Amino acid sequence: MTEFDSIKEGEINRAILVGLNATRQSVGETVTEESMAELEALLETAGGTCVGTMLQNRETPDPGSFLGEGKAQELKELVQTLEADLVIFDNALSPTQVRVLTELVGVQVMDRAGLILDIFAKRARTKEGRLQVELAQYKYILPRLTGMWGHLVRQTASGGKSPIGTRGPGETQLETDRRHIRRKITRLEEDLKEVRRVRAVQRERREKNEVPVVAIVGYTNAGKSTLLNALTDAGIPANDRLFDTLDTTTRTLEISDTLTVLLSDTVGFIHKLPHTLVEAFQATLEELTYADLLLHVIDASREDWRDQAEVVENLIRELGAEQTPRLDVFNKCDLCPEEILPHGENIVCISARTGEGLDELTAAIGKRLDSGIRSVELRLPYDKGSVLDLLYREAAVDSVEYAETIQVTARCSPRVLGQVRDYVWPPLPPKTEDWEA
């Protein structure tokens with residue numbers, strides 16, 4: 001737990017969920033039955049329970065109390081009646097609104113972004129994941145310091161009954177804490193720069209070895225971890241809850257005897273994902289822009305799958321990965337009638353749970369990433385050691401035996417194969433021009 005967690009450890013918070021629909025809100029801030037149900041699922045994931053909900057329609061949010069004082073008073077009475085100890089808004093709240101509402105209703109108030117950050121803080125396991133979550137928390141909390149702790153506005157050495165010799169301009173505890181947090185943000189950003197540098201070195205090594213990367217993306221709880229387990233026996237816990245996987249897991253997947261790929265699971269996306277979280281997870285999410293192929297996993301069993309898919313598409317664009325080749329993988333097709341399943345050139349329908357469609361998926365991955373690499377045997381005269389050097393540099397050498405000739409088994413790209421074709425055994429057919437084919 002960190003000093004910023006709002007869901008009490010070891011206790012079940014009794015929360016009231018609140019949503020405001022305003023005619024002048026942006027589309028992204030719209031509250032729907034689906035978004036409120038998702039907020040309740042997030043609360044359960046964080047370890048709390050919903051004891052009541054409140055929805056309000058008005059033209060514009062109140063700049064101070066968001067709901068307006070009358071509705072805020074109703075919320076206070078509801079909190080007392082239901083003995084709630086937490087109020088969570090499906091909307092984004094400003095620091096001032098959080099402070100005013102907390103004072104008005106008498107219990108802690110937070111928004112969806114704060115709840116998601118709380119979940120991430122509890123779920124991150126790797127050092128990299130914890131760094132990214134901590135950075136997001138500090139960036140989220142910095143503008144909210146004023147309303148969070150009343151003691152922060154006390155002067156440490158000025159005015160009032162300060163001892164003789166200590167009166168002066170002084171410095172508020174709030175300013176001290178702001179400086180402290182800014183220092184922490186700077187340190188975390190430096191640590192994450194090192195993470196990105198290491199990732200860049202790893203990418204260069206993969207590119208040199210011509211190992212394609214396939215990144216699994218999708219809405220949270222769409223079945224990404226279940227798919228990775230089904231394809232690679234990764235052994236990742238795959239539970240029916242939001243944000244069950246935060247830390248990136250990468251496994252090798254053998255598509256054919258000439259194609260092996262790295263398959264990476266990524267954190268799930270969600271409506272109204274805090275921007276600070278997207279920024280902090282840049283070190284992880286930038287891998288999407290370097291992937292050779294994206295598998296966009298979509299929960300076909302949900303009626304709102306189009307809305308969820310659009311959320312993922314928008315974040316892919318925000319991360320600059322919209323040009324990366326993609327396959328749309330409709331998961332949980334065992335729960336859907338065949339006639340309503342989508343079909344198309346870049347669409348594969350599967351059930352990661354039952355294994356249905358996985359062969360078609362691996363075939364589709366192979367088709368998209370087929371670079372023409374072939375596994376061949378070569379017989380090199382001993383005075384052609386330079387050809388062996390070429391193979392070590394430009395191809396994947398699987399074995400070398402020294403007999404009457406140097407017998408080499410290697411996986412070669414079309415370009416390298418053209419350079420060494422005279423030594424391939426058995427001999428390749430003569431090259432033909434396009435017009436002779």
Side-chain angles (χ1 to χ4, degrees), residues 1-20 29 31-55 75 78-79 82-93 95 97-98 101-102 105-126 129-141 144 147-148 218-222 224-225 236-247 266-278 280-281 308 311:
M1 293 288 290
T2 72
E3 62 192 291
F4 303 122
D5 292 325
S6 298
I7 302 294
K8 299 174 185 176
E9 190 71 43
E11 298 182 20
I12 298 179
N13 286 89
R14 294 171 56 83
I16 293 175
L17 307 183
V18 183
L20 170 66
E29 278 296 308
V31 175
T32 63
E33 290 184 8
E34 289 78 11
S35 70
M36 290 293 286
E38 189 174 77
L39 185 64
E40 183 173 353
L42 286 168
L43 172 63
E44 292 173 358
T45 297
T49 184
C50 175
V51 295
T53 61
M54 175 182 282
L55 291 172
L75 179 58
L78 188 62
V79 165
L82 299 176
E83 298 181 345
D85 57 9
L86 183 65
V87 172
I88 305 175
F89 278 73
D90 195 38
N91 312 83
L93 300 177
Q97 289 163 345
V98 170
L101 282 165
T102 299
V105 302
V107 297
Q108 177 63 44
V109 174
M110 64 192 305
D111 58 13
R112 171 186 275 244
L115 180 60
I116 292 173
L117 285 169
D118 188 273
I119 294 169
F120 271 57
K122 292 178 180 178
R123 291 287 171 80
R125 293 290 178 265
T126 65
R130 289 195 296 268
L131 282 174
Q132 293 176 128
V133 172
E134 190 177 354
L135 177 61
Q137 285 183 305
Y138 278 122
K139 286 188 171 182
Y140 176 81
I141 215 71
R144 292 167 170 78
M148 293 197 64
Y219 207 80
T220 183
N221 211 30
K224 299 181 297 300
S225 296
I236 303 171
N239 303 305
D240 185 16
R241 60 184 182 186
L242 303 183
F243 295 122
D244 198 51
T245 303
L246 293 187
D247 299 307
T266 61
V267 62
F269 298 152
I270 197 170
H271 282 287
K272 307 173 188 176
L273 190 66
H275 191 71
T276 54
L277 204 54
V278 176
F281 270 69
Q308 293 191 349
V311 169

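Just so it is clear, the model here is predicted, and its values are computed rather than measured.
Listed here is the closest heavy atom pair of Leu42 and Ile119: O-CD1, 3.3 Å. Minimum heavy-atom separation, Val133 to Leu117: CG1-O, 4.3 Å. In plain terms, the two heavy atoms of Val31 and Met36 that are nearest each other are CG1-CG, 3.6 Å. Here the shortest heavy-atom pairing between Ile88 and Leu43 reads CD1-CD1, 3.7 Å. Listed here is the closest heavy atom pair of Leu115 and Leu39: CD2-CD1, 3.9 Å. Nearest heavy-atom pair across Ile270 and Val311 is O-CG1, 3.6 Å.
A donor-acceptor pair is defined here as one N or O able to donate and one able to accept, closer than 3.5 Å; such a pair exists between the side chain of Lys224 and the backbone of Tyr219.
With sequence neighbours excluded, the residues forming a side-chain contact (heavy atoms from CB on, under 4.5 Å) with Glu44 are Glu40, listed by chain and number. Not counting sequence neighbours, the partners of Asp90 by the side chain to side chain donor-acceptor pair (under 3.5 Å) test are Ser35, Arg112, Lys272. Judged as a side-chain contact (heavy atoms from CB on, under 4.5 Å), and not counting sequence neighbours, the contacts of Leu78 are Ile16, Met54, Leu82.
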- Message: Working note: Val18 + Thr53, criterion side chain to side chain contact (heavy atoms under 4.5 Å, CB included); need CA distance, chi angles, decisive distance, verdict.
- Response: CA-CA 6 Å; Val18 183; Thr53 61; over 6 Å; no
- Message: Could you go through Phe120 and Gln137, starting from their C-alpha distance and side-chain angles, then the distance that decides it, and tell me whether this counts as side chain to side chain contact (heavy atoms under 4.5 Å, CB included)?
- Response: CA-CA 10 Å; Phe120 271 57; Gln137 285 183 305; over 6 Å; no
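The distance from the CG atom of Asp118 to the CE atom of Met110 is 5.5 Å, given to the nearest 0.5 Å. Going from atom CG of Leu135 over to atom CZ of Arg130 covers 15.0 Å, rounded to the nearest 0.5 Å. Annotation: the span from Glu38 atom CD to Thr32 atom OG1 amounts to 8.5 Å, rounded to 0.5 Å. In this structure, CZ on Phe89 lies 8.0 Å from CG on Leu20, to the nearest 0.5 angstrom.
Residues Leu101 and Leu93 have side chains in contact (heavy-atom distance under 4.5 Å, counting atoms from C-beta outward). Under the 4.5 Å side-chain criterion, counting only non-hydrogen atoms from C-beta, Thr49 is not in contact with Asn13.
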